[in-house]
Asks: 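Mind looking over this structure? Questions follow.
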Amino acid sequence: MLDSFAKIKALCFTQNGALLCEKLGALLPRFSYSCAFGAEKIGREQWTADCFSENTAQKILVIFVGALGIAVRSIAPFVCRKTSDPAVLCIDEAGAFVIPVLSGHIGGANEAAREIARTLSAVPVITTATDIRGVFAVDCWALEHRLAIENPEAIKAVSAAILAGKKIRIGADTIVLESTVLLPSLIAAVGENAAEPPFAKNSAGVFLTISQSHRSSDGAHTLFCVPKMVCVGVGCRRGVSEQKIRDAVLCALKKSDVSPLAVKKMASIAAKKDEAGLLQCARTFGVPFCVFGADELNALSGEFSSSAFVSRTVGTDCVCERAAVAASEHKKLLLKKTIFSDVTVAVAI
């Protein structure tokens, strides 16, 4: 778990806390610390604000070495959303206890606390009910399988039902069912708490889907988990803005009934490897941008749209369809070449 954090940043408040940070620096990857005391004192509020701001771009583990109350007061103005808040820990200056304060499941604070406690021979203080009771935690399962959670407010309904010993509904859309083993994995993880039809009215549930149109009136009770399994192929004129590309991609996803949360990669031809609008669009979606040479795209088997002009210009007859398929796992087009102003988009899984 600790290796998954881009940075581990700590703030200490005493000389003993600084000594503990020196020890952590020798044990933890990508670790740095600052002092909120002494000659090199920095502002606690600004340091915390910077950590939360930086977490929007990369995964940060935030550690306060000191009293739990200081950690709580520090983060209170910045806590926003379960799916985006960073993992926050508090460690006493003696290194006796490691306490997850925020994002225990989705952010990975609980597991990080356990790992750091092992390195320090400390006690991890885990307070989340599902961990204490040793029952299925849906947000941990989603994180483990790299699923996006569309409506995190429903996590509470699912966890409450399981903690109360109730059965929860389990389901998946056709594409997820046919293309992954996620549903059997979820059923096995839920175990005896998995319900069979007919389902009780307003019973809590978990539904695996890449669709935009599956929503129902029981959204408060059903947690929608979205596998990142969709690849978007894009062709465009040189110099097209990120906004125009993003609008085209979102429109194509809507046409193919695919949630933006399901996007795994964006892809194009190698000639577009430095296209600023494409690179920024991929960053906006938070996904890798990959490119393929014309020979690689031409070597793909299957039926693709064809344009003589495109072939003369870049060496392959259809950039977006071929790039989407090349980047995808199952080589199946969900949306063929769709033309927008200066942009073409295709979608594949």
Side-chain angles (χ1 to χ4, degrees), residues 1-134 137 139-140 143-144 146:
M1 169 55 73
L2 294 176
D3 286 336
S4 69
F5 292 105
K7 293 182 180 180
I8 302 176
K9 302 178 70 173
L11 184 66
C12 60
F13 303 90
T14 64
Q15 187 59 47
N16 284 340
L19 292 174
L20 179 62
C21 285
E22 290 290 336
K23 183 177 182 180
L24 289 171
L27 298 171
L28 305 181
R30 296 172 293 282
F31 177 85
S32 64
Y33 77 94
S34 301
C35 297
F37 70 96
E40 299 181 357
K41 177 180 179 179
I42 67 167
R44 169 172 59 90
E45 295 82 1
Q46 188 58 54
W47 183 88
T48 308
D50 290 344
C51 287
F52 273 71
S53 176
E54 193 173 3
N55 190 65
T56 61
Q58 50 190 318
K59 197 172 184 182
I60 308 295
L61 173 60
V62 180
I63 302 176
F64 291 90
V65 179
L68 178 60
I70 294 177
V72 172
R73 286 194 297 273
S74 298
I75 68 174
F78 308 105
V79 174
C80 180
R81 187 174 173 85
K82 182 186 285 284
T83 53
S84 60
D85 290 332
V88 178
L89 304 181
C90 179
I91 307 177
D92 66 286
E93 66 171 34
F97 301 98
V98 184
I99 309 168
V101 182
L102 188 67
S103 287
H105 286 166
I106 295 177
N110 283 4
E111 188 55 38
R114 293 187 182 100
E115 291 189 29
I116 292 175
R118 283 194 292 270
T119 66
L120 295 175
S121 297
V123 177
V125 184
I126 310 298
T127 59
T128 42
T130 50
D131 291 84
I132 294 170
R133 297 265 294 275
D139 41 358
C140 285
L143 177 66
E144 178 186 350
R146 300 179 182 179

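The analysis underlying the following values was restricted to heavy atoms, covering all of them including side chains, and did not include hydrogens, waters or symmetry mates. Everything numeric here is computed off the predicted structure, so don't read it as measured data.
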Asks: Please check if the side chain of N55 supplies one atom and the backbone of S84 the other of a donor-acceptor pair under 3.5 Å.
Replies: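 Such a contact is found between N55 side chain and S84 backbone.
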Asks: Look up atom CG in L61 and atom SG in C51, then write down how far apart they are to the nearest 0.5 Å.
Replies: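 SG of C51 is found 9.5 Å from CG of L61.
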Asks: Pair up each side-chain donor or acceptor in residues 74-82 with any protein partner under 3.5 Å, not counting sequence neighbours, and list the distances.
Replies:
{"unit_1": "S74", "atom_1": "OG", "unit_2": "R44", "atom_2": "NH1", "d": "2.9"}
{"unit_1": "S74", "atom_1": "OG", "unit_2": "I70", "atom_2": "O", "d": "2.6"}
{"unit_1": "R81", "atom_1": "NE", "unit_2": "T83", "atom_2": "OG1", "d": "3.2"}

Asks: Give the minimum heavy-atom separation between G107 and A87, together with the two atoms involved.
Replies: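 It is O-CB, 3.4 Å.
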Asks: With side chains defined as the heavy atoms from C-beta onward, is the minimum distance between P100 and T127 less than 4.5 Å?
Replies: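 Of all side-chain heavy-atom pairs linking T127 with P100, none is under 4.5 Å.
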Asks: How far apart are the closest heavy atoms of A10 and C21, and which atoms are they?
Replies: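 Taking A10 first and C21 second, the nearest heavy atoms are CB-SG, 4.1 Å.
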Asks: With heavy-atom distances below 4.5 Å as the criterion, would you say the side chains of D3 and P29 are in contact?
Replies: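 They are in side-chain contact.
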Asks: For M1, is there any backbone N or O sitting under 3.5 Å from a side-chain donor or acceptor partner on E115?
Replies: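 Yes; judged by distance alone, with no hydrogens or angles, the pair exists.
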Asks: Going from CD1 on I106 to CG on D85, what distance comes out if it is rounded to the nearest 0.5 angstrom?
Replies: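 Going from CD1 on I106 over to CG on D85, the span is 9.5 Å.
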Asks: Quick one: are D131 and R114 in side-chain contact, heavy atoms under 4.5 Å?
Replies: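 D131 vs R114: side chains touch.
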Asks: Of the options L27, I8, L2, which is the one that meets I116 in a side-chain contact (heavy atoms from CB on, under 4.5 Å)?
Replies: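 Testing each of L27, I8, L2 against I116, the sole residue satisfying side-chain contact (heavy atoms from CB on, under 4.5 Å) is L2.
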Asks: Kindly indicate whether the side chain of K7, heavy atoms from C-beta on, has any atom under 4.5 Å from the side chain of S32.
Replies: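 Counting from C-beta outward, K7 and S32 never come under 4.5 Å.
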Asks: For G108 and F5, which heavy atoms make the closest approach, and how far apart are they?
Replies: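 Taking G108 first and F5 second, the nearest heavy atoms are O-CZ, 4.3 Å.
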Asks: What pair of heavy atoms forms the shortest contact from C12 to G17, and how long is it?
Replies: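 Smallest heavy-atom distance, with atoms named: CB-C, 3.7 Å.
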Asks: Got I60 and F52 here, is their nearest side-chain heavy-atom distance under 4.5 Å?
Replies: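 Of all side-chain heavy-atom pairs linking F52 with I60, none is under 4.5 Å.
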Asks: So among I63, V65, I42, V62, which one has a side-chain contact (heavy atoms from CB on, under 4.5 Å) with L11?
Replies: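 One option only clears the test, and that one is I42.
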Asks: Heavy-atom count around F97 CZ within 6.0 Å, excluding the residue itself: above 12?
Replies: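 No, not enclosed.
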Asks: Given Y33 and E22, is the side-chain contact (heavy atoms from CB on, under 4.5 Å) satisfied, shown in steps?
Replies: CA-CA 8 Å; Y33 77 94; E22 290 290 336; 2.4 Å; yes
Asks: Is any side-chain heavy atom of Q15 less than 4.5 Å from a side-chain heavy atom of F37?
Replies: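 A side-chain contact exists here, since the closest heavy-atom pair is under 4.5 Å.
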